[in-house]
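For reference, the structure discussed in these notes is given below.
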Amino acid sequence: MSSPLVHQGVMYMHTYPDTVLAMDASNGQVLWRYQYQSTGRSSSKMGIGLHGNKVLVPTSDLHLLALDARDGSLIWDHEIDTKSAGPGSGFRRYQLRTAPLTVGNKVIQGVTASFMPKGGFILAVDIDSGKELWRFNTIARPGEPGGNTWNDLPLEERSGGSVWHQGTYDAELNLIYFGIAPTYDTGPLLQEADLAGVTNSALYTNCTVALNPDTGELVWHYQHMPNDQWDLDWVFERQIVSLPI
């Protein structure tokens, strides 16, 4: 599933399990190979990132790596903190599947969260140090904007909102756009609760979200389908184009 990157005659690609190759794009000769020793079950990735001298790599056990593009040596290793959500296994776990997006000095990574309590998120780390700078939760929290759209469910019973695909950067507006997946636990949302001010639209599932890349603040959202009972899934890439309307 992974898409290769080619820069100045070198092809960088991710392969299974948690291995990055750099090859001469003219003849296929392997220039270097880096294999990360994951502590969990390996998962396929949709891609890696490249910025300056760094190859940016998501791993199967929720680390973000920066490798030196010249020789594959490790520059930094950031472990994404998920301790507050509790353990998961099988389909109930976090995963890094999308390629990282670089905006300025930030590496921005989406996280999938199939059946995980509290749902998925998007985070940014500093490209020089790997230190986490901000985090946006894709499942609205009780008491926060959108938090009353989950049929009055407690946070521990809200799940989904996975981020499967890379975000898109809008340099003109300084916004990043991501598509957010639905929840798979649709039963508790089927019938709207008879409570004033409470809906079952389940923000921010099936949304396009626009975030400030400097802070992670939600600037706007658009929900393509509230309360998706069919897994129609608006999670894919957002492309910026000019169209006559």
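For this chain, numbers begin at 1 and follow the sequence in order. Values below: every heavy atom of this structure, side chains too, minus hydrogens, waters and symmetry copies.
At least one side-chain heavy atom of Val57 sits under 4.5 Å from a side-chain heavy atom of Leu67. Between Leu211 and Val219 the shortest side-chain heavy-atom distance does not fall below 4.5 Å. Side-chain contact between Pro142 and Arg158: present, with at least one pair of heavy atoms (C-beta onward) separated by less than 4.5 Å. Taking 4.5 Å as the limit, every side-chain heavy atom of Ile122 sits out of range of all side-chain heavy atoms of Val111. For the pair Asp61/Leu96, no side-chain contact is recorded, criterion being any heavy-atom separation below 4.5 Å from C-beta on. Side-chain contact check for Gln166 versus Glu237: every heavy-atom pair is 4.5 Å or farther apart. In this structure, the side chains of Asn227 and Glu192 stay at 4.5 Å or more apart for every pair of heavy atoms. Counting heavy atoms from C-beta outward, Tyr34 and Leu74 have side chains that approach closer than 4.5 Å.
The CG atom of Asp233 sits 11.0 Å away from atom NE2 of His224, with the distance rounded to the nearest 0.5 Å. Once rounded to the nearest 0.5 Å, the distance linking CG of Asp228 with CH2 of Trp234 reads 6.0 Å. Remark: His78 NE2 to Leu62 CG distance equals 10.0 Å, nearest 0.5 Å. A distance of 7.5 Å separates CG of Leu50 from CG of Leu56, quoted to the nearest 0.5 Å. The OH atom of Tyr184 lies 5.0 Å from the CG atom of Asp231; values are rounded to the nearest 0.5 Å. Between Glu157 atom CD and Lys118 atom NZ the span is 12.5 Å, to the nearest 0.5 Å.
In this structure a side-chain-to-backbone donor-acceptor pair under 3.5 Å is missing from Trp220 to Thr208. Using a distance-only test at 3.5 Å, with no hydrogens or angles considered, no donor-acceptor pair links the side chain of Arg33 to the main chain of Thr19. Ser73 contributes no side-chain N or O that, together with a main-chain N or O of Asp68, makes up a donor-acceptor pair within less than 3.5 Å. Without hydrogens or angle criteria, Ser2 side chain to Thr15 main chain gives no donor-acceptor distance under 3.5 Å. No side-chain donor-acceptor contact under 3.5 Å links Ser42 to the backbone of Pro17. Although no hydrogens or angles enter the test, the distance criterion places no donor-acceptor pair under 3.5 Å between the side chain of His165 and the main chain of Phe236. The backbone N or O of Gly167 sits nowhere less than 3.5 Å from a side-chain atom of Arg238 that would complete a donor-acceptor pair. In this structure, Asn200 contributes its side chain and Leu189 its backbone to a donor-acceptor pair below 3.5 Å. In terms of modelled atom types and a separation under 3.5 Å, the side chain of Thr59 and the main chain of His63 share a donor-acceptor contact. Listed for the Ser26 side chain is no donor-acceptor partner under 3.5 Å among the backbone atoms of Asp24.
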Under the side chain to side chain contact (heavy atoms under 4.5 Å, CB included) rule, what do Asn53 and Ile75 come out as? Steps first, then yes or no, please.
CA-CA 10 Å; Asn53 70 321; Ile75 298 175; 4.2 Å; yes
Apply side chain to side chain contact (heavy atoms under 4.5 Å, CB included) to residues Gln223 and Ser201 and explain how you reach the verdict.
CA-CA 9 Å; Gln223 191 171 37; Ser201 55; 3.5 Å; yes
Worked check of side chain to side chain contact (heavy atoms under 4.5 Å, CB included) between Val103 and Ile176:
CA-CA 9 Å; Val103 178; Ile176 50 175; 3.9 Å; yes
Between Arg135 and Asp81, does a side chain to side chain contact (heavy atoms under 4.5 Å, CB included) hold up when you go through it step by step?
CA-CA 11 Å; Arg135 182 177 296 207; Asp81 181 15; 4.1 Å; yes
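No continuous path of ILVMFWY side-chain contacts below 4.5 Å connects Ile48 to Ile108, so the two sit in separate hydrophobic clusters. Under a hydrophobic clustering in which Ile, Leu, Val, Met, Phe, Trp and Tyr are joined whenever their side-chain heavy atoms come within less than 4.5 Å, directly or via other members, Leu31 and Leu65 fall into the same cluster. Cluster annotation: Ile240 is connected to Tyr222 through the hydrophobic network of ILVMFWY side chains, with a link wherever side-chain heavy atoms come within less than 4.5 Å. Val235 and Val209 end up in different hydrophobic clusters when Ile, Leu, Val, Met, Phe, Trp and Tyr side chains are linked at under 4.5 Å. The hydrophobic cluster containing Leu218 also contains Val163, counting ILVMFWY residues as joined when their side-chain heavy atoms lie under 4.5 angstrom apart, directly or transitively.
Of all non-hydrogen atoms in Ala66 and Lys54, the two that sit nearest each other are CB-CD, 4.1 Å. In this structure, Pro58 and Gln109 approach most closely via the heavy-atom pair CB-OE1, 3.9 Å. Here the shortest heavy-atom pairing between Asp214 and Trp134 reads O-CD1, 3.6 Å. Across all their heavy atoms, Pro100 and Val107 have their closest contact at CB-CG1, 3.7 Å. Pro213 and Leu175 make their closest contact through CD-CA, 4.1 Å (heavy atoms, listed as atom of the first residue, atom of the second, distance). Of all heavy-atom pairs spanning Asn151 and Ala193, the tightest one is OD1-N, 2.8 Å.
Between His221 and Tyr204, the ring-plane angle classifies as perpendicular under the 30° and 60° cut-offs.
Shown here is Asp71, whose CG atom has more than 12 heavy atoms of other residues, nucleotides or ligands within 6.0 Å. Remark: Glu156 CD is packed, more than 12 non-hydrogen atoms of other residues, nucleotides or ligands lying under 6.0 Å away. More than 12 non-hydrogen atoms from other residues, nucleotides or ligands lie less than 6.0 angstrom from CZ of Arg141.
Proximity of the aromatic rings of Tyr177 and Tyr169 is defined here by a centroid distance below 6.0 angstrom, and this criterion is not met. Checked against the 6.0 Å centroid threshold, Phe121 and Phe136 do not count as a close aromatic pair.
Taking 4.0 Å as the cut-off between side-chain N and carboxylate O, Lys45 and Asp18 count as a salt-bridged pair.
With no hydrogens or angles considered, a side-chain donor-acceptor pair links Arg97 and Ser44 at under 3.5 Å.
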